[in-house]
Amino acid sequence: MRRVEGLDPLGFPLCAGYPYYLGGSASICATCAARSLEPVPEAHCQVRSQALGTACRCSNALCELSPDERGFSRVDAVAMFSGDLENAVRRLKYDGAWGWAPIFGRLVVGWMERNPDRMAGVDLIVGNPTWTGRTPIQHIETILKAAAVEDAAGRWPFPTSPVLVKPVDTDRSAGRNREAKRLAAAAHAKAIRIERRLQDRTVLLFDDLFTTGQQMQAVARLLRDAGATEIRGLVLARAPWRGPDRQGALFDT
């Protein structure tokens, strides 16, 4: 849908009252949301989209690994995990507020349209899967389904059904220390079933949030082991750096 004269956007997160809420385009939603979302800092790590410190150096040890070791080549983010976007993501993820899915789907497609160079060569878009029994909603799968609908021209390689499926639940990693996150990420990746041939493909792995990168690494390495040649990451939101942990080491939560 093209923008109609006289029907101005209300601004994110007032999307429910938005004139284009049901039939808006990815470009309209992305342009509107960009006015209020916190952007990824201009000075950011080119591997993980994290803000660089005063020494212009990324604090995460994953960046010092080779692409083979960390699994993914880079992770881009639509915006930072803060303010209204953080609240909206939590509402979809934990409250099942399904109405946010089409908005997030448009933001994802809008990012792709604005960054065709980052999408060049991508053969398949997959979501970091949620447990098939997750309640109140499988938020990653729901966002990608909405994004595929918004890609009306069929420009991007969204699959018609999930490529990665997680039939059993595993421990959550949110709010836990780095080692616990690593173990939870490994268990998560081990539980994933791959439903499509990935040999010699460049895969875009989508998730809602990037924090330490432990889970992105575990799933990306799984896809590499399945034959994918490159894994690029895209997340709806990038968690900000929180500072040193209780042991005094830099800790990106």
Side-chain angles (χ1 to χ4, degrees), residues 24-27 29-30 67 71-78 89 92-93 96 98-170 185 188-210 213 215-237:
S25 68
S27 60
C29 282
F72 56 85
S73 56
R74 63 176 298 135
V75 178
D76 288 297
V78 174
V89 169
L92 172 66
K93 189 171 183 175
W98 186 92
W100 283 110
I103 302 301
F104 293 159
R106 290 174 194 161
L107 294 184
V108 168
V109 173
W111 181 91
M112 293 176 178
E113 292 176 349
R114 295 194 307 275
N115 297 277
D117 57 320
R118 302 290 174 83
M119 293 298 296
V122 171
D123 300 305
L124 187 64
I125 300 168
V126 306
N128 182 17
T130 55
W131 173 42
T132 52
R134 188 187 191 280
T135 57
I137 194 171
Q138 285 186 273
H139 59 290
I140 299 300
E141 290 79 1
T142 303
I143 293 172
L144 280 189
K145 284 181 181 178
V149 170
E150 298 304 326
D151 181 30
R155 184 178 181 184
W156 312 115
F158 289 102
T160 55
S161 60
V163 175
L164 306 182
V165 177
K166 187 181 179 184
V168 296
D169 198 11
T170 56
H188 169 75
K190 187 176 180 179
I192 293 174
R193 188 173 69 223
I194 301 175
E195 298 289 317
R196 185 174 300 188
R197 181 180 178 274
L198 300 179
Q199 192 72 30
D200 301 325
R201 293 194 172 192
T202 295
V203 176
L204 183 73
L205 177 60
F206 172 77
D207 208 345
D208 62 332
L209 178 64
F210 188 101
Q215 196 169 105
M216 180 70 75
Q217 179 189 30
V219 178
R221 292 183 68 169
L222 173 71
L223 302 183
R224 291 285 294 269
D225 289 344
T229 55
E230 182 187 1
I231 310 301
R232 303 175 195 172
L234 174 63
V235 295
L236 185 64

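Side chains are part of it too, since the values below use all heavy atoms of this structure and drop only hydrogens, waters and symmetry mates.
- The distance from atom CG of Asn128 to atom CG of Leu234, rounded to the nearest 0.5 Å, is 12.5 Å.
- Atoms NZ and NZ, on Lys190 and Lys166 in that order, are 13.5 Å from each other to the nearest 0.5 Å.
- With contacts defined as side-chain heavy-atom distances shorter than 4.5 Å, the pair Leu164/Val219 qualifies.
- Side-chain contact annotation: Thr130 with Glu141, donor-acceptor N/O pair under 3.5 Å present.
- Here Leu209 contributes atom CG and Ile140 contributes atom CD1; the two are 9.0 Å apart, rounded to the nearest 0.5 Å.
- A heavy-atom distance below 4.5 Å is not found between the side chains of Leu204 and Ile231.
- The two residues Phe72 and Ala220 have their closest heavy-atom pair at N-CB, 3.8 Å.
- Residues Val122 and Pro157 form a side-chain contact, since some pair of their non-hydrogen atoms from C-beta on lies under 4.5 Å apart.
- Between the side chain of Asn115 and the backbone N or O of Trp111, at least one donor-acceptor pair lies under 3.5 Å.
- In this structure the side chain of Arg221 never reaches within 4.5 angstrom of the side chain of Met216, judged on heavy atoms.
- Of all heavy-atom pairs spanning Gly96 and Pro136, the tightest one is N-CG, 3.4 Å.
- Checked against Phe206 for a side-chain contact (heavy atoms from CB on, under 4.5 Å), the options Ile143, Val126, Val235 give a single hit: Ile143.
- In this structure, CD on Glu230 lies 5.0 Å from OG1 on Thr202, to the nearest 0.5 angstrom.
- Taken to the nearest 0.5 Å, the CG atom of Asp208 stands 8.5 Å off from the CG atom of Leu92.
- Taking each heavy atom of Ala26 and Gly110 in turn, the nearest pair found is CB-N, 3.8 Å.
- For the pair Leu205 and Gly127, the tightest heavy-atom approach, listed with the atom from each and the gap, is CD1-C, 4.0 Å.
- Minimum interatomic distance between Asp123 and Asp200 (heavy atoms only, all atoms of both residues): OD2-O, 4.2 Å.
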Full working for side chain to side chain contact (heavy atoms under 4.5 Å, CB included) between Glu150 and Met112: CA-CA 12 Å; Glu150 298 304 326; Met112 293 176 178; over 6 Å; no
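- A 4.5 Å side-chain heavy-atom check between Thr229 and Arg201 finds every atom pair outside the cut-off.
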Side chain to side chain contact (heavy atoms under 4.5 Å, CB included) evaluation trace for Val108 with Trp156: CA-CA 11 Å; Val108 168; Trp156 312 115; over 6 Å; no
Worked check of side chain to side chain contact (heavy atoms under 4.5 Å, CB included) between Met119 and Glu113: CA-CA 9 Å; Met119 293 298 296; Glu113 292 176 349; over 6 Å; no
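- Among all heavy-atom pairs drawn from Pro102 and Ala146, the shortest one is CA-CB, 3.8 Å.
- In this structure, Ser161 OG and Arg196 CZ are separated by 5.5 Å, a value rounded to the nearest 0.5 Å.
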